[in-house]
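In what follows, a structure is listed as structure tokens, so that the remarks can point back to it.
In what follows, every chain begins at residue 1, and chains take the letters A, B, ... in the order their sequences are listed. Computed from heavy atoms alone, side chains included, the values below leave out hydrogens, waters and symmetry copies.
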Protein chains: 2
Amino acid sequence: MSSKYPAGRLPEPPSPIADDGDETHFCGTCAFSSACIAAGYDKPELAELQCLVEHVGPFRAGEHIFRTGDPFRAIFAVRGGTVKTRMVDKEGREQVLGFYLPGEVIGLNAIYPEHFPCDAVALDTAFFCRFSFPAMSALASRVPAVQQHLFRMLSKELGTASLLAGDHSADERVAAFLMDLAGRYAARGFSATRFHLSMSRGDIANYLRLAAETVSRVLSRFRNQKLIQIEGRELQLLDPAGLRKIGQALLPD
Amino acid sequence: MSSKYPAGRLPEPPSPIADDGDETHFCGTCAFSSACIAAGYDKPELAELQCLVEHVGPFRAGEHIFRTGDPFRAIFAVRGGTVKTRMVDKEGREQVLGFYLPGEVIGLNAIYPEHFPCDAVALDTAFFCRFSFPAMSALASRVPAVQQHLFRMLSKELGTASLLAGDHSADERVAAFLMDLAGRYAARGFSATRFHLSMSRGDIANYLRLAAETVSRVLSRFRNQKLIQIEGRELQLLDPAGLRKIGQALLPD
DNA sequence: GCAGCACATTGATCCGGATCAATCACGGCC
DNA sequence: GGCCGTGATTGATCCGGATCAATGTGCTGC
């Protein structure tokens, strides 16, 4: 570890902010980049994609990108920062549905009900690309690659919903959660072994259907077992293989 | 209750088998019926939908419609009978992902991975409409109603995945499960208060992340409380409002 | 600097549901 | 018919994680 950091501290990881893109190209980590590449950057349809996208933000930690019941008009790709989606039942209890990193898309579950079924809340300073959904659908009809990409994104999210399914131990859940995050950061080109947890222990616990105290205890145990190094919300995975083994029942492959 | 049934026995409910449709019309309960109606039965594109659909079955209880790892080529609409989808981890433990009734569609979660990520197993004698997905996508490009219908089906399934989320008591889960089934039967025109549970207690328990014994106990308690009448797998809801109240935290509205 | 507050950690106790176990009911099959 | 396997029910015990509680730690604002 570099000596420019105080002893006992983890260095700040590189900030997970996606490239902004420029006037003719889209963000490298953008959820639609593969669709764009497949269609070819020079196709005239891409000019339309330029038209229907709008950069929004910044949102500060705690601010809502959308709220339950808002009419559905657009989906949002995270350009930078982190978001949680959550439902709040009528007794006021919160239920975290997921965390979204740069390059990932929120709002897909609002297509059917035509209203957002959940809140989206920024966990830190966050930026988005806003895609008008009617315009996106129209484009999808003309550009097969865009249609296919939408189908794939929807289908992919169906798969991830089952991460927290099953009756698994607290250790399994936490290990799988950390490895899932690591894989998603890696997929977007960020470090897979050292990153910042944008969400509180309470949010992690809520998402994993555990108590915050349990998450805290498991993380402490993992640290004692030299599986991770953790200091507040700065995390380093010391033994990814060991973590994968613990969480294997919940992880793909 | 009709006297033609022995005392203490529930009568057989009407069999939930969807209309087969005929050569020019589709099944009334079909997952695509609304798309067809929106597009108009007389449109030439509908002739294409006729071409890409294929009636398959019957499958007997326990037979697989598809298996984990099978290449994804088609989605299946349940025409009659009931199906469970499940994942089996490498230790051999089963994880039930969902139950599908006539009019519902399985296989959507295979679009992204391009291979089925789970098994689909018939719970009783079951029939399907098989829709070639490449053909379906091509049609969706030309018929906006079909594209929109696919988006809506995918989005809808995203919403239902969160039914079993949250840490809820066994009573809440079972009550919500029964009311969910009732609503889905009602949506397809079957009785919402009297139906057959095609799945074993073990399957229900697995789906709800409970032990089979717990499901059995909860059902017995509900019977003692006059909320339901249950005899083996024949179920009658005596107090749907009471059940809705118990399961409200997991149910929409 | 310090007060105030939200979040995190660690310990002690409790409880809902899992697990183990026994019995029972029901078909299927020879 | 009788046998056997599967599934359902009910009871007894146990345990993982929730809950309650106390303390620690790091921001933010004054």
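At the heavy-atom level, B:Ala211 lies under 4.0 Å from base atoms of the strands shown. Contacts of A:Arg221 with the nucleic acid, taken as non-hydrogen atoms under 4.0 Å apart, are absent.
Atom CE in A:Met199 sits roughly 14 Å away from atom P in C:dC7 (whole-Å rounding). Going from atom CD of B:Glu231 over to atom C1' of D:dG7 covers 15 Å, rounded to whole Å. The interatomic distance linking B:Leu235 (CG) with D:dA8 (P) rounds to 14 Å, in whole Å. Between A:Asp171 atom CG and D:dG17 atom C1' the separation is 11 Å, expressed in whole Å. Atoms CG (B:Leu208) and C1' (C:dG17) sit 13 Å apart, rounded to a whole Å. The distance from atom CG of B:Asn206 to atom C1' of D:dG7 is 15 Å, rounded to the nearest whole Å. A:Asp203 places its CG atom 13 Å from the C1' atom of C:dA8, with the value rounded to the nearest Å. Between A:Glu94 atom CD and C:dC7 atom P the separation is 11 Å, expressed in whole Å.
Rounding to the nearest 0.5 angstrom, the gap separating the NZ atom in B:Lys84 from the OG atom in B:Ser200 is 6.5 Å.
Position along DNA chain C of the nearest nucleotide to A:Asp167 versus A:Arg233 favours A:Arg233 as the more 5'-ward residue.
Among residues two or more places apart in sequence or in another chain, the salt bridge (charged side-chain N to carboxylate O under 4.0 Å, His left out) test is passed with A:Asp124 by none. Under the ring pair (Phe, Tyr, Trp, His ring centres under 6.0 Å) criterion, A:Phe116 pairs with A:Phe66, A:Phe72, not counting sequence neighbours. B:Ala170 is linked by a side-chain contact (heavy atoms from CB on, under 4.5 Å) to B:Leu210, B:Thr214, B:Val218, counting only residues two or more places apart in sequence or in another chain. Evaluation of the salt bridge (charged side-chain N to carboxylate O under 4.0 Å, His left out) rule for B:Arg86 yields B:Glu94, B:Asp119 as partners, not counting sequence neighbours.
Annotation: the terminal axes of the helix from C:dG1-D:dC30 to C:dC30-D:dG1 meet at 40°, where each axis is the rotation carrying the C1' atoms of four end pairs onto the next four (5 pairs per end, rounded to 10°).
Side-chain contact between A:Arg217 and A:Ser220 is absent, with no heavy-atom pair separated by less than 4.5 Å.
Within 6.0 Å of CZ on A:Phe99 lie more than 12 heavy atoms contributed by other residues, nucleotides or ligands.
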When every nucleotide of nucleotides 9-15 of chain C is labelled 5' to 3' by its protein contacts under 4.0 Å (heavy atoms), B for base, S for sugar-phosphate only, - for none, what sequence of letters results? BBBB---

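For the side-chain contact (heavy atoms from CB on, under 4.5 Å) with A:Met199, the lone residue among A:Val83, A:Asn206, A:Ile204 that qualifies is A:Ile204.
Checked by atom type and distance alone, the side chain of B:Arg173 pairs as donor or acceptor with a backbone atom of B:His168 at under 3.5 Å.
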